[in-house]
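Here's the structure we're looking at; comments come further down.
We count residues from 1, following the sequence as given.
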Amino acid sequence: MKRPGSVTILGWFFIAAGALGFAYHATELDIRNPFAGDAAWVLFVRLLAVAGGVLVLRGSNAGRWLLILWAAYHVVLSYFHSMSGLVVHALLLAAIIFLFFQPRVVAYFNQR
C-alpha cells in the first residue's frame, strides 16, 4: 500500500520542525555544562520530533504514537505558558490525531 499523503506531510513537518527547533535551541546550550539549564532536554525533545517524522515516513506505527505523544507533551507544556500557545498546540494535536486515525492511514500503519 502506498503511503498516504497526510503521512508524508506530517512526517516531513515534524522532521522540519524538529531540525529547525534543534538548530535554534542549540545556541542556548552551554558546552561546558550542558545539563545546567533545560537546553539539553529541549534538544532531546526536538530530536524526538525528527525521529518520529522519520519513523512515520518508514511506516512505523511506533512513530505515529511518538508524534502523538510529542504533540500531547507540548499541549501540557503550553498550559504553563500562554493561552494562545495552549490553543495552537491543542489544535495541532487534534489535527494530528484526526489525520493519523483516518481509515486509510490506520490501514497503512497496520500493514507494516
Side-chain angles (χ1 to χ4, degrees):
M1 171 182 224
K2 185 178 178 211
R3 180 189 323 128
S6 59
V7 173
T8 302
I9 291 167
L10 284 172
W12 282 110
F13 171 79
F14 276 98
I15 290 169
L20 291 172
F22 187 91
Y24 174 79
H25 290 290
T27 63
E28 301 170 354
L29 187 67
D30 180 6
I31 298 299
R32 290 166 283 164
N33 195 2
F35 299 104
D38 61 353
W41 173 251
V42 171
L43 294 177
F44 174 72
V45 170
R46 295 300 185 165
L47 287 177
L48 288 178
V50 173
V54 170
L55 287 171
V56 298
L57 290 177
R58 296 182 54 125
S60 169
N61 194 42
R64 174 172 69 151
W65 285 104
L66 174 60
L67 293 181
I68 290 169
L69 289 173
W70 190 92
Y73 167 75
H74 279 78
V75 170
V76 172
L77 192 63
S78 296
Y79 175 79
F80 299 104
H81 291 262
S82 69
M83 180 58 79
S84 61
L86 175 64
V87 170
V88 168
H89 284 105
L91 290 173
L92 182 62
L93 174 62
I96 291 165
I97 290 171
F98 175 78
L99 291 171
F100 273 151
F101 286 97
Q102 293 296 306
R104 186 166 176 247
V105 174
V106 171
Y108 170 74
F109 284 111
N110 285 339
Q111 77 165 355
R112 302 278 170 170

To the nearest 0.5 Å, tell me how far [X] [atom1] sits from [Y] [atom2].
| X | Y | atom1 | atom2 | answer |
| --- | --- | --- | --- | --- |
| F101 | R64 | CZ | CZ | 4.5 Å |
| W65 | L55 | CH2 | CG | 15.0 Å |
| L93 | L67 | CG | CG | 11.0 Å |
| F100 | N61 | CZ | CG | 9.5 Å |
| T8 | K2 | OG1 | NZ | 8.0 Å |

Quiz item: Considering residues at least two apart in sequence or located in another chain, which fulfil the side chain to side chain contact (heavy atoms under 4.5 Å, CB included) criterion with V88?
Solution: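 Per chain and number, V88 pairs via side chain to side chain contact (heavy atoms under 4.5 Å, CB included) with no residue.
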Is there a path from [X] to [Y] through hydrophobic residues (I, L, V, M, F, W, Y) whose side chains come within less than 4.5 Å of each other?
| X | Y | result |
| --- | --- | --- |
| F13 | V7 | yes |
| V54 | L47 | no |
| M83 | F80 | yes |

Quiz item: What pair of heavy atoms forms the shortest contact from A49 to G18, and how long is it?
Solution: CB-CA, 3.9 Å
Taking side chain as C-beta onward, heavy atoms only, is [X] less than 4.5 Å from [Y]?
| X | Y | value |
| --- | --- | --- |
| F14 | I96 | yes |
| V105 | L99 | no |
| L10 | V56 | no |

Quiz item: Would you find a donor on one side and an acceptor on the other, under 3.5 Å apart, between the side chain of R3 and the backbone of L57?
Solution: yes
Quiz item: Is the count of non-hydrogen atoms from other residues, nucleotides or ligands lying under 6.0 Å from Y24 atom OH greater than 12?
Solution: no
Can you give the donor-acceptor pairs under 3.5 Å from side chains of residues 70-79 to other protein atoms, not counting sequence neighbours?
from : atom 1 : to  : atom 2 : distance (Å)
W70  : NE1    : V45 : O      : 2.8
Y73  : OH     : W41 : NE1    : 2.9
H74  : ND1    : W70 : O      : 2.9
S78  : OG     : H74 : O      : 2.7
S78  : OG     : H89 : ND1    : 2.7

